[in-house]
Protein chains: 2
Amino acid sequence: MTDPPDARSPGASGNRKPPATIYDIARTAGVSPSTVSRALNKPGRINARTERRIRDVAEELGYRRNPMAGALPTGRTGTIGLIVSDVTNPVYFDLIHGAERVIASEGHTLVLADAQESPDTESETAERLLLSVDGLLLVGSRLDDARILELAEHKPLVLVNRSVPGLPGIVPDPLPGIRKALDHLASLGHRSIAFLSGPATSWMSGVRWETLLDEALRRDIGIVEIGPGIPTLEGGRQSLRRVRAARVTAVVAYNDLMAIGLLQAAKAADVDVPEDLSIIGFDDIFGSSLTTPTITTIRSPLDRVGETAIRRLIAELDEDDHSADVTLFTEFIERESTAPPRAR
Amino acid sequence: MTDPPDARSPGASGNRKPPATIYDIARTAGVSPSTVSRALNKPGRINARTERRIRDVAEELGYRRNPMAGALPTGRTGTIGLIVSDVTNPVYFDLIHGAERVIASEGHTLVLADAQESPDTESETAERLLLSVDGLLLVGSRLDDARILELAEHKPLVLVNRSVPGLPGIVPDPLPGIRKALDHLASLGHRSIAFLSGPATSWMSGVRWETLLDEALRRDIGIVEIGPGIPTLEGGRQSLRRVRAARVTAVVAYNDLMAIGLLQAAKAADVDVPEDLSIIGFDDIFGSSLTTPTITTIRSPLDRVGETAIRRLIAELDEDDHSADVTLFTEFIERESTAPPRAR
DNA sequence: CTGAAAGCGCTTACAG
DNA sequence: CTGAAAGCGCTTACAG
């Protein structure tokens, strides 16, 4: 007995095909459900002929394993959650692609979720996802350490661009990129610069600032922090007033979005970039090479970061402890938004 | 009895807290599991005092409903799947945000998935997701009609920027934007233009081309199709040769990415935009206002599209048939990449 | 208002 | 190699 032949158009409700179950397969193959389960999950563990037959029937019936039902007894969903502080932030594209690549090759499923730049949303999303994934990746988390540790109590969790003591975290070393950037600025003749910081909740912004501070000190370059600011074009635009007030000749922005925003505001105010003001961003997003001038920036190998993070998480799931610890580095990319300061 | 006090660091495997179940709550609250289930799901249907007590215990135990277990008997997961032809395509940002907004307000959970611009990946992802979501949103699907109808047999499905007979689809009317664009080009004096088409599998590219063709004919403007092409910067760059060969004075690109790519290639070849060549894109992505010149484009109200699509899907889930059919329109945005053709 | 019981679709010791 | 049975965590008629 199937759907009545007069079923309405496919869009109409109420005529959905109930998916085939292992019981359906068992019945038409003349075996028990347990055997079906084995045939489908542990190839080789049962009679080759029966296995063949069962697989054929499954195929014929369009059988798909019900992931929820499968997860109940095993506690395994085959799914990995990736929570990004903002999915629409271009920064994370390469990371998402990197993650997708290894996820696919490992036969898991990726569930993407967006924290929408809000700790509350992030916390809630993480909690909701926690029950239906095998492990969680938190990218650029805005949560505090305590909350993250709490989440990690329930499922394996790997951090990206964030470090919490006791938890695995992938964060590319900011030092190489920052050193090159400051060398570059110094050689150009800049003596006084500013850092446009990101949100107060951004751990990464803190790391970048601390590193910058250290290295500026070491080179006898004056540096001030301007912020915290919102990590968007708008945030960058808003900072122009304070940048000018600070009388610096160059600024390093927390990210390219802010760098571009600052560039736009500068143009609008007839401040020439790079002649009057040099600007350096972070991340090398799509867009930072579209502006005029193009943005000099410090990039992370985010695709590698995504790959590495997923591999680390999968190792964690498999309780495989010898996950080789790769170290990743930032890299300086010189483009057009930096030049010698105008003599005054 | 809880974890031994000497549990290793949180990162260590094997010391995860087993989540509390309704049985745990039932035991400590001194009621039956059924009552706990009711207290938590049908507020008001049981004794107010017991309900209070149960909720308190649940809170105290840090209870979270197991979504897989809940979904088994009900067939409802509270989750909606959103498959995007490419999550990292800036076009979809506003759409994702719009979708997120109404999802949250309706108490559902959004699961984002990426088709990575591949019909195979899309098909597989859809199939995998199908079993664990209540409904599916396909954005810019690259699947053929038959396959989409097949998927729709199992779960409610809503299309975005795609139309398949019998299925609900949200696609903003391309006409208003295209009319304005052609009027604009005509008034500037262009008599011969080209359309840079997207992938052959892109339904939307076909619609844009057909509409353009109609309207160009109506205005006695010559128009040729160049393509199909890949809908990326690179695709746009590659098209310059054919654009020049076609001796047109203006081109409308399938999307802004291609428009920007074409602009870059033109710059590199010393073709002045807009003097030698006018360029119009589609979508108004982040980036199209970053270039020099900025890109004149035709935008869709993608945030409204996202909202509408989710609302439509939820109406479908609730078998609520009076989902008001909003119509959405494209809009022409004049920027700097269009000008009168140079006299020859 | 509340409980006992059956069932959702699967997996996996346990026997044979 | 294969089957019967119990169980994963929840929901929901069905009784009371």
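Below, chains carry the letters A, B, ... as their sequence lines are ordered, and counting in each starts from 1. Values below: all heavy atoms of this structure, side chains included; hydrogens, waters and symmetry mates excluded.
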Among Ile25(B), Asp24(B), Val36(B), Val31(B), which residue meets the side-chain contact (heavy atoms from CB on, under 4.5 Å) test with Val57(B)? Ile25(B)
Output the rounded distance in Å from CE (Met68(B)) to C1' (dT11(D)). 16 Å
Salt-bridge present (Glu316(A), Arg312(A); N to O < 4.0 Å): yes
Can we say Arg55(B) and Glu59(B) salt-bridge, meaning some charged N sits less than 4.0 Å from an Asp/Glu carboxylate O? no
Separation of dT12(C) atom C1' from Arg65(A) atom CZ, nearest Å, is 13 Å
When you check the phosphate oxygens OP1 and OP2 of dT2(C), does a side-chain N or O of Thr50(B) lie under 4.0 Å from one of them? yes
I want to verify a distance call: between dC10(C), dC8(C), dC1(C), whose nearest atom is closest to the Leu72(B) side chain? dC8(C)
Could you state the atom-to-atom distance from CZ of Arg27(B) to P of dC10(D) in whole Å? 12 Å
Val31(B) side-chain proximity, nearest of dG3(C), dT12(C), dT11(D): dG3(C)
Show your working on ring pair (Phe, Tyr, Trp, His ring centres under 6.0 Å) between Phe93(B) and Phe93(A) and close with a plain yes or no. CA-CA 12 Å; Phe93(B) 289 0; Phe93(A) 291 180; 5.6 Å; yes
Keeping the roles fixed (side chain from Asp94(A), backbone from Leu302(A)), state whether a donor-acceptor pair exists under 3.5 Å. no
Leu131(B) CG to dC8(C) P: how many Å, rounded? 16 Å
Roughly, in whole Å, what's the span from CD1 in Ile46(A) to P in dT2(D)? 5 Å
Between Thr35(B) and Pro33(A), name the one whose nearest nucleotide on DNA chain D is closer to the 5' end. Pro33(A)
Does a side-chain N or O of Ser32(B) approach OP1 or OP2 of dG3(C) to a distance below 4.0 Å, or not? yes
Residue Pro73(A), side-chain heavy atoms: nucleotide from dT11(D), dC10(D), dG9(C) that is nearest: dG9(C)
Should Asn66(A) be listed as having a side-chain N or O under 4.0 Å from OP1 or OP2 of dC8(C)? no
Distance in angstrom units between Arg64(A) CZ and dC10(C) C1', rounded: 16 Å
Nearest-Å distance, CZ (Arg76(B)) to C1' (dG7(C))? 19 Å
If I take atom CD in residue Glu51(B) and atom C1' in nucleotide dC1(C), what distance separates them, rounded to the nearest angstrom? 12 Å
Suppose we call a contact any N or O donor and acceptor under 3.5 Å apart; does that hold for the side chain of Tyr23(A) and the base of dC8(C)? no
Looking only at dT12(D), dT11(C), dC10(D), the nucleotide nearest the Lys42(B) side chain is dT12(D)
Taking NZ, NE, NH1 and NH2 as the nitrogens, is one of them in Glu127(B) or Arg147(B) under 4.0 Å from a carboxylate oxygen of the other? yes
Can you tell which of Val160(A), Val158(A), Val164(A) makes a side-chain contact (heavy atoms from CB on, under 4.5 Å) with Arg162(A)? Val164(A)
Measuring from the side chain of Arg38(B) (C-beta onward, heavy atoms only), which nucleotide among dT2(D), dC10(C), dG3(C) has the closest atom? dG3(C)
Take atom C1' in dT12(C) and the same atom in dG16(C), then report the distance between them in whole Å. 16 Å
Out of dC1(C), dT12(C), dT11(D), whichever nucleotide has its closest atom nearest the side chain of Asn47(B): dC1(C)
Under 3.5 Å side-chain donor-acceptor pair for Ser37(A) and Ser34(A): no
If a stem is a run of at least 3 consecutive Watson-Crick or G-U pairs, both distances under 3.5 Å, which stems include DNA chain C? C:1-3 with D:14-16, C:5-12 with D:5-12, C:14-16 with D:1-3
Picking from dA5(C), dT11(D), dT11(C), the nucleotide nearest the side-chain atoms of Ser34(B) would be dA5(C)
N/O (side chain, Thr74(B)) to phosphate O (OP1/OP2, dT11(D)) under 4.0 Å: no
Counting any heavy atom closer than 4.0 Å, what does Thr21(A) reach on the DNA or RNA strands: base, sugar-phosphate only, or nothing? sugar-phosphate
